[in-house]
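Accompanying notes for the structure given below.
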Number of protein chains: 2
Amino acid sequence: MSLTSRPIHVTYAYQQVAEEIEAQILRGELKPGDQLPGETELAQMFGVTRSTVREGLRQLESDGLVHRPSPRRLEVAVPQADQLTTRAGRAMALMKVSFRELWEVTMVTEPLAARIAAERASLDEIELLQGLHADLVAAEGQMARTIELDEAFHTRIADMGKNRVLGLAREPISLLLFRGFSQIAPYATQFYKRQIEAHSNIIAAMRDRDCDRAEKWARMHIEDFWRGAQIAGLEDAVALNPRALS
Amino acid sequence: MSLTSRPIHVTYAYQQVAEEIEAQILRGELKPGDQLPGETELAQMFGVTRSTVREGLRQLESDGLVHRPSPRRLEVAVPQADQLTTRAGRAMALMKVSFRELWEVTMVTEPLAARIAAERASLDEIELLQGLHADLVAAEGQMARTIELDEAFHTRIADMGKNRVLGLAREPISLLLFRGFSQIAPYATQFYKRQIEAHSNIIAAMRDRDCDRAEKWARMHIEDFWRGAQIAGLEDAVALNPRALS
DNA sequence: TTACCGCTTAGTGTCCGACAATAAGACAGT
DNA sequence: ACTGTCTTATTGTCGGACACTAAGCGGTAA
């Protein structure tokens, strides 16, 4: 007997509060920056206790839909990318994703990022990127710093393409992947040179507005990374959560 | 004058509760499926009231780190992809991302998905995909159903590649993009035929384990989508939140 | 024995009331 | 107009309370 039973949806009061406010935000009745009534008032409005409202608010807060600049102000939040990044990164770490999985995706995101950056970046932005690259060159030998700067370099490129979807999608992935570099660096000693070469070429290509070249160098750069992972024998190793390292 | 001010981090009790439990999960001291102590006990452990514990738990709950199968059981959750999808989709909708942004990324994710699926999918999986395709063919003319099935088709392909990172990254994007198709469909009448053709060819390529061909057809398929958007003049239109349509 | 059934109980969801700390706004002084 | 003080509303936290129900227990029946 197959009796199609939809799991009944018991909605607790605090959930309803959260959902109602969420719905209003999603429908645009509440716009980012708008201030919400105080807890007591909300409690009255919904006909529940303040405790109940609070639980709902905590949920919305951690959903990133509302936000407290100060304990006194409760306002509709503009969605924060880093919130999502944290969450996605955590999820991937808990899922124990392998470097291979991360790499495969990075292998398409970074070239795309380089391509559209080459197409759209302003000269100022390219200059800033150059500065970041200089820092990276100067940091030769310091692994932790190198990783941090490399990651920043790639994120910057992604931002330059002015594609927020790409930014959102790639950030948690590149975070995990590049951080993981600390595990492979000891095995890939000549990686630094190749990295610098690749970065230089990407910048040069961007100066020339040569999308194809920028894309190609980005791809080669990520391929190099993979070679390092192969040498280190970490292709199917699990990427660690950056936040768990502290 | 640039005075580097780190924003002081006032951690309220409920936050500390949440953070402490989160840390234990991330460190692996608490593994998915583990049951947590009751609220009263937690309150004693942390030396706070139950109300405070509850607020912390609500936060963790909506973070997807813990989860209540029944009100009595509070256990460490295995991260749910759909939670992240919802959140990311909401964020993108609120950021008012354009079809162009969505499309640019989809243009690299879907071909990748097709490629690795062609490489790794089992014959059974390909068969199942074929079935999905048949449903889609049968649904000709019904836009809503077509969109739904198309979306399912692409998601299925992504799953077949056994890359969870790709799955996580592409899902919210494709959701927004394909749902958006309802806005362009009226303008792209011959799209259905091309869609079916593309899907057929992808499946055929997968049967032959021809990664390149699978990738190529996926790319063409997504390109077609873009042509539709161009005809409809929606390249820079804002994608609507699917959840806001209800 | 195993399977079923009602009872007990611990734990949740919600409520109420309270209090110290403090941010925000009003107000006054220069 | 700017700065400093005062008031007050609101938050974070507390403690206690109660109805409801899921889970475990023990007893009964097959």
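It should be emphasised that the depicted structure is a prediction, and the values quoted were computed from it without experimental measurement. First the proteins, then the strands, lettered A, B, ... as listed; each starts at 1.
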Review point. Got a sec, which residues hit side-chain hydrogen bond (donor to acceptor under 3.5 Å, both in side chains) with A/Glu235, two or more places apart in sequence or on another chain?
Key: none

Check your understanding: What does nucleotides 8-18 of chain D look like as a protein-contact string, B for base, S for sugar-phosphate only, - for none, at under 4.0 angstrom between heavy atoms?
Key -> -BBBBBBB-B-

Review point. side-chain hydrogen bond (donor to acceptor under 3.5 Å, both in side chains) with B/Glu19: which residues, sequence neighbours excluded?
Key: none

Review point. For A/Asn163, which residues count as a side-chain hydrogen bond (donor to acceptor under 3.5 Å, both in side chains) partner, sequence neighbours excluded?
Key: B/Glu104

Practice item. Go through DNA chain C in 5' to 3' direction and return only the first and the last nucleotide with some atom under 4.0 Å of chain B's heavy atoms. Key: C/dA10 to C/dT14

Point to revise | Under the side chain to side chain contact (heavy atoms under 4.5 Å, CB included) test, residues paired with B/Glu29 that sit two or more places apart | key: B/Gln24, B/Arg27

Practice item. Report the residues that fulfil side-chain hydrogen bond (donor to acceptor under 3.5 Å, both in side chains) with A/Arg68, sequence neighbours left out, ordered by chain and then residue number. Key: A/Glu39

**Study point:** With A/Val238 via side chain to side chain contact (heavy atoms under 4.5 Å, CB included) - residues at least two apart
**Key:** A/Lys96

Point to revise | Partner set under salt bridge (charged side-chain N to carboxylate O under 4.0 Å, His left out) for B/Arg156, not counting sequence neighbours | key: none

